[in-house]
Asks: 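Structure incoming, see below.
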Amino acid sequence: MMVILQSIGMKPYLSEIFDIVGWVFVWQATDQYFLERYDLKMNDRYWNALTNAKIHFVPFDHQENRIVKSSKSL
């Protein structure tokens, strides 16, 4: 890219700036695709597991501070 920009008459320092900016964009895209995507995927798995969790309500005796055994299955 630097050779193309210099061939059309652009100053060398401007072509270097464009080269650095290009690498920053490439790094940002790579970071978002590989690193941030993993975090989002793990967060999604957590919330899916929480959403699909089975919830069982059991009677609780507040005076004795214990779960009351029940003969019925909830």
Asks: Could you list the donor-acceptor pairs under 3.5 angstrom formed between side-chain atoms of residues 36-47 and any protein atom two or more places apart in sequence or on another chain?
Replies:
residue, atom, partner, partner atom, Å
Arg37, NH1, Tyr33, OH, 2.9
Asn43, OD1, Trp47, NE1, 3.0

Asks: With sequence neighbours excluded, what pairs up with Arg66 under the salt bridge (charged side-chain N to carboxylate O under 4.0 Å, His left out) test?
Replies: Glu64
Asks: Return the set of residues passing side chain to side chain contact (heavy atoms under 4.5 Å, CB included) with Phe60 (not counting sequence neighbours), or none when no residue passes.
Replies: His62, Asn65, Ile67
Asks: Tell me, please, which residues at least two apart from Thr30 pass side chain to side chain contact (heavy atoms under 4.5 Å, CB included).
Replies: Val26, Phe34
Asks: Go through the structure and list residues passing side chain to side chain contact (heavy atoms under 4.5 Å, CB included) with Leu35, not counting sequence neighbours.
Replies: Asp31
